[in-house]
Structure formats: C-alpha cells, structure tokens
Amino acid sequence: MKSQRNISEFILLGLSYDQNIQIFCFVLFLFCYVALLAGNLLILVSIQCSPLFHKPMYYFLSHLSAMDICYTSTVTPKLIADLLVERKTISYSNCMLQIFTMHFFGGTEIFILTAMAFDRYAAICKPLHYLLIMNRTRCHLLVLAAWAGAAVHAFPLFSTAIGLPFCGPNEIDHYFCDIFPLLKVACTDTRITGVLVVAFSGLLSLVSFIVLFVSYGIILFTLRNLSAEGRHKALSTCCSHITVVILFFGPVIFIYLRPPTTFPEDKIFALFYTIISPMFNPLIYSLRNSEMKKAMRKFWSPSLFSKEVHS
C-alpha cells in the first residue's frame with residue numbers, strides 16, 4: 001500500500017471554522033451523545049432484564065439499541081474531541097477503520113429495521129401463526145443474517161477505500177472519513193469506483209426503504225380488519241417504526257443515491273443518521289409503548305412499580 005500513497009493522515013475540515021459555532025456544537029453534541037448512550041442503554045438493560053426479551057419485537061429492539069450505540073460511537077466521540085482543537089486530523093489506518101465500522105454497523109441497523117418490519121407484518125397480518133413464524137430460532141437467524149449482510153455490504157467499500165491511491169491533497173471536507181469525500185482527494189479516475197459505491201450503498205438504502213414502506217403499507221391496509229383497540233395499538237407501534245425509518249433513510253438516500261460527488265450540505269444531512277436518529281430512537285420506541293415504559297419502571301423503580309400495581 002505504501003507505493004500507492006505518500007500520506008499518513010488526513011485533515012478533517014469539520015463542520016465550521018467559526019470558533020463560537022464550534023463551542024456551541026461541542027456542548028450540543030456532547031449532550032446528544034450522552035443522551036443517546038443513556039437512552040439506548042436504558043432500553044437495552046430494561047429489555048434484557050425483563051420478560052420482554054422473549055418477545056420478538058423487543059428482542060430486535062435491543063439489538064437495534066446496541067447497533068445505535070456502536071454506530072454512532074464510530075463517529076461522534078471523534079467529532080466532539082475535534083471541536084476543541086484547531087487542527088483536526090485522523091490517521092490513514094483509523095480513517096479506513098472508520099469507513100468499515102460505519103458501513104458495517106449502519107448496514108446491520110438497516111437489516112435489523114427490515115427484520116422488525118417483518119416481525120410487525122407477521123404479528124398483524126398473520127396473528128394466528130405469529131408465534132410459529134417468529135420463533136426464537138428464526139429471530140436468531142434474522143439477526144445473524146443482518147450481521148452477515150452488513151459484512152457483505154461493508155467489505156467491498158472497505159476494499160475500495162484501501163485500494164485508492166493518495167498522493168497529494170489530504171484535506172477531507174467532512175467531520176469523519178467516508179467514501180465519497182475520499183474519492184475527491186484520490187489521485188486517480190474514480191468514476192467507476194463512484195458507481196460501485198452508489199450500487200453498494202445507495203441501492204441498498206433505496207431497496208431497503210422500499211421494502212420497509214411496502215411492508216408497512218400492507219400492515220396499515222390490514223389494520224382495517226382489526227378492532228378499534230387492536231387498531232390503535234398496532235398503529236401506535238407502526239408509526240414509531242415508520243418515524244425511525246424516515247429519520248434514518250431519508251438523509252442516507254440523499255447522500256448515497258446520487259452521482260459520486262460531495263456538497264457542503266452533506267455534513268448537515270449526515271448528522272441525522274450519525275447522531276440525531278440514534279438519539280431519538282429510544283424516545284420514539286419508549287414514549288409510545290406502554291409495555292416498554294412498564295418494563296423500565298419495573299426494573300429501575302421496583303418499589304414504586306409495586307405500589308402502582310397494588311393501588
């Protein structure tokens with residue numbers, strides 16, 4: 001690889017050059033990251049330590065929370081630390097590692113969201129066969145498939161990034177290493193490489209998004225056959241899932257499903273799927289879910305929960 005590059009690090013231009021904006025962003029993103037960790041750990045521990053873990057939807061939700069923590073931790077701590085320094089750098093090896101982990105954990109999250117949509121489809125459209133369809137073995141297989149699919153997605157992008165030659169400019173106009181900003185500073189013709197990136201990232205996001213929306217469309221159509229109470233409960237759950245899907249997939253599709261180029265707005269859109277969406281997931285899934293709220297109260301305030309039950 002040393003024959004293909006003569007740089008050992010990249011300079012990240014970050015979100016802004018303005019010192020006041022950087023201080024504001026430091027406080028904001030530090031708060032967001034702490035809230036993200038606390039919220040997702042709260043969901044993760046509450047599900048793991050309650051009977052909800054044996055229900056397929058919450059089994060997938062616990063994995064989604066774990067992925068949110070891993071995914072955002074590949075980017076956010078570095079972003080927060082860089083807001084305090086004038087020269088923001090990342091070594092070549094850490095840059096390549098960041099590309100792989102981002103796309104691996106991001107891909108896993110996409111496939112887990114798809115598994116959650118399949119679970120809701122089985123629960124609402126095939127209620128009599130739900131326990132048979134979503135048995136624990138199948139749940140394990142779906143999670144393993146999510147990890148395997150993410151690896152198939154991430155390794156080609158990682159190999160593409162490693163194969164790029166870098167011999168001149170090393171400034172990346174972003175706050176983390178990603179494949180499109182790297183293509184811009186590579187000293188070779190990257191048009192074919194850019195098309196491959198669109199195929200691996202953009203089409204994966206678009207196809208997954210379409211599958212998810214078709215699934216929830218079928219589910220919403222089926223709701224008219226349910227009772228008013230069942231319709232309200234299913235609609236509340238589905239609305240939570242759809243909100244998460246839009247928050248995550250909208251910016252991802254905007255960035256990856258287009259000709260290989262970069263815009264200044266990309267950094268703002270990237271904040272949605274690296275920080276904002278993972279931070280709001282715990283709120284979206286817990287505040288609209290009575291079972292989740294009950295499990296949290298029971299685990300974290302058992303004495304208060306027992307008083308509520310007896311009263």
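Atom set for the values below is all heavy atoms of this structure, side chains included, hydrogens, waters and symmetry mates excluded. Just so you know, residue 1 is the first one in the sequence shown, and it goes up from there.
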Taking the side chain as C-beta and beyond, is there a heavy-atom pair between Leu113 and Phe111 under 4.5 Å? no

Do the side chains of Phe280 and Ile246 join up, straight or via other hydrophobic residues, at under 4.5 Å, putting them in one cluster? yes

Evaluate the side chain to side chain contact (heavy atoms under 4.5 Å, CB included) criterion for residues Lys267 and Tyr175: first the C-alpha distance (whole Å), next the side-chain angles of each, then the deciding distance (0.1 Å), finally the verdict. CA-CA 7 Å; Lys267 291 182 273 191; Tyr175 61 88; 4.2 Å; yes

With no hydrogens and no angle check, do the side chains of Tyr33 and Ser73 hold a donor and an acceptor under 3.5 Å apart? yes

Tell me whether Leu144 at atom CG has more than 12 heavy atoms from other residues, nucleotides or ligands lying less than 6.0 Å away. yes

The reported gap from CG in Asp82 to CZ in Phe176 (rounded to nearest 0.5 angstrom) is 12.5 Å

With a 4.5 Å cut-off on side-chain heavy atoms, are Phe29 and Leu15 touching? yes

Any side chain to side chain donor-acceptor pair (under 3.5 Å) pairs touching residues 20-29, not counting sequence neighbours? Gln22-Lys88

Taking the side chain as everything from C-beta on, heavy atoms only, tell me whether Leu164 gets closer than 4.5 Å to Val185. no

For His174 versus Pro181, what's the shortest heavy-atom pair and its separation? CD2-CG, 3.7 Å

Between Pro278 and Thr274 the two heavy atoms that sit nearest each other are CG-O, 3.9 Å

Can you check side chain to side chain contact (heavy atoms under 4.5 Å, CB included) on Leu182 and Phe180, steps first, answer last? CA-CA 5 Å; Leu182 276 182; Phe180 277 166; over 6 Å; no

I'd like to check Phe60 versus Leu64 (side-chain heavy atoms, cut-off strictly below 4.5 Å). Are they in contact? no

Rounded distance [0.5 Å steps], SG in Cys139 versus OH in Tyr59: 6.5 Å

Table please: side-chain donor-acceptor pairs of residues 97-110 below 3.5 Å, with sequence neighbours left out.
residue : atom : partner : partner atom : Å
Gln98   : OE1  : Cys177  : N            : 2.7
Gln98   : NE2  : Thr74   : O            : 2.9
Thr101  : OG1  : Leu97   : O            : 2.9
Thr101  : OG1  : Gln98   : O            : 3.2
His103  : ND1  : His153  : NE2          : 3.4
His103  : NE2  : Asp178  : OD1          : 3.1
Thr108  : OG1  : Phe104  : O            : 2.8

Should the pair Tyr256 and Tyr273 be assigned to parallel (<30°), tilted (30 to 60°) or perpendicular (>60°) ring geometry? tilted

Flag side-chain contact, heavy atom, 4.5 Å: Ile11 against Ile172: no

Heavy-atom closest pair (Thr72 atom, Ile275 atom, distance to 0.1 Å) is OG1-CA, 4.1 Å

Mind listing the closest non-hydrogen atom pair of Ser50 and Ser46 along with its distance? OG-O, 3.0 Å

Return the minimal non-hydrogen interatomic distance between Leu52 and Tyr58, and the atom names on each side. O-CB, 3.2 Å

Could you state whether Leu28 and Phe26 fall into the same hydrophobic cluster, counting links through intermediate Ile, Leu, Val, Met, Phe, Trp or Tyr residues with side-chain heavy atoms under 4.5 angstrom apart? yes

Distance from Thr188 atom OG1 to Leu183 atom CG, nearest 0.5 Å? 10.0 Å

Does any part of the side chain of Leu212, heavy atoms only, come nearer than 4.5 Å to the side chain of Met116, both counted from C-beta? no

Nearest 0.5 Å please: distance from the CG atom of Leu142 over to the OG1 atom of Thr114. 10.0 Å

Do any side-chain atoms of residues 193-209 form donor-acceptor pairs under 3.5 angstrom with protein atoms, and if so which ones, sequence neighbours left out?
residue : atom : partner : partner atom : Å
Ser205  : OG   : Ser201  : O            : 2.8
Ser208  : OG   : Leu204  : O            : 2.7

Between Met67 and Ile112 the two heavy atoms that sit nearest each other are CG-CD1, 3.8 Å

Enter the distance from Leu12:CG to Lys78:NZ here, rounded to the nearest 0.5 Å. 6.0 Å

Is the terminal nitrogen or CZ of Arg136 (NZ for Lys, CZ for Arg) located under 6.0 angstrom from the six-membered ring centre of Phe53 and within 45° of that ring's axis? yes

Would you please test Ser215 and Arg120 for side chain to side chain contact (heavy atoms under 4.5 Å, CB included) and show each step? CA-CA 9 Å; Ser215 301; Arg120 289 301 84 203; over 6 Å; no

If hydrophobic clusters are built from ILVMFWY residues whose side chains come within less than 4.5 Å, do Phe10 and Ile162 share one? yes

Can you check whether Leu61 reaches Ile43 side chain to side chain, under 4.5 Å on heavy atoms? yes

Determine whether Leu13 and Ile179 fall in the same hydrophobic cluster, where Ile, Leu, Val, Met, Phe, Trp and Tyr are linked whenever their side-chain heavy atoms lie under 4.5 Å apart. no

Evaluation steps, side chain to side chain contact (heavy atoms under 4.5 Å, CB included), between Ile90 and Glu9: CA-CA 6 Å; Ile90 184 169; Glu9 65 179 16; over 6 Å; no

Nearest 0.5 Å please: distance from the CZ atom of Arg138 over to the CG atom of Asp119. 12.0 Å

Going by atom types alone, do Asp68 and Ser65 pair a side-chain donor with an acceptor below 3.5 Å? no

4.5 Å side-chain heavy-atom contact, Tyr92 and Ser8: no

Cluster check Val85, Tyr17: I/L/V/M/F/W/Y, side chain < 4.5 angstrom: no

Between Asn94 (side chain) and Ser91 (backbone), is there a donor-acceptor pair under 3.5 Å? no

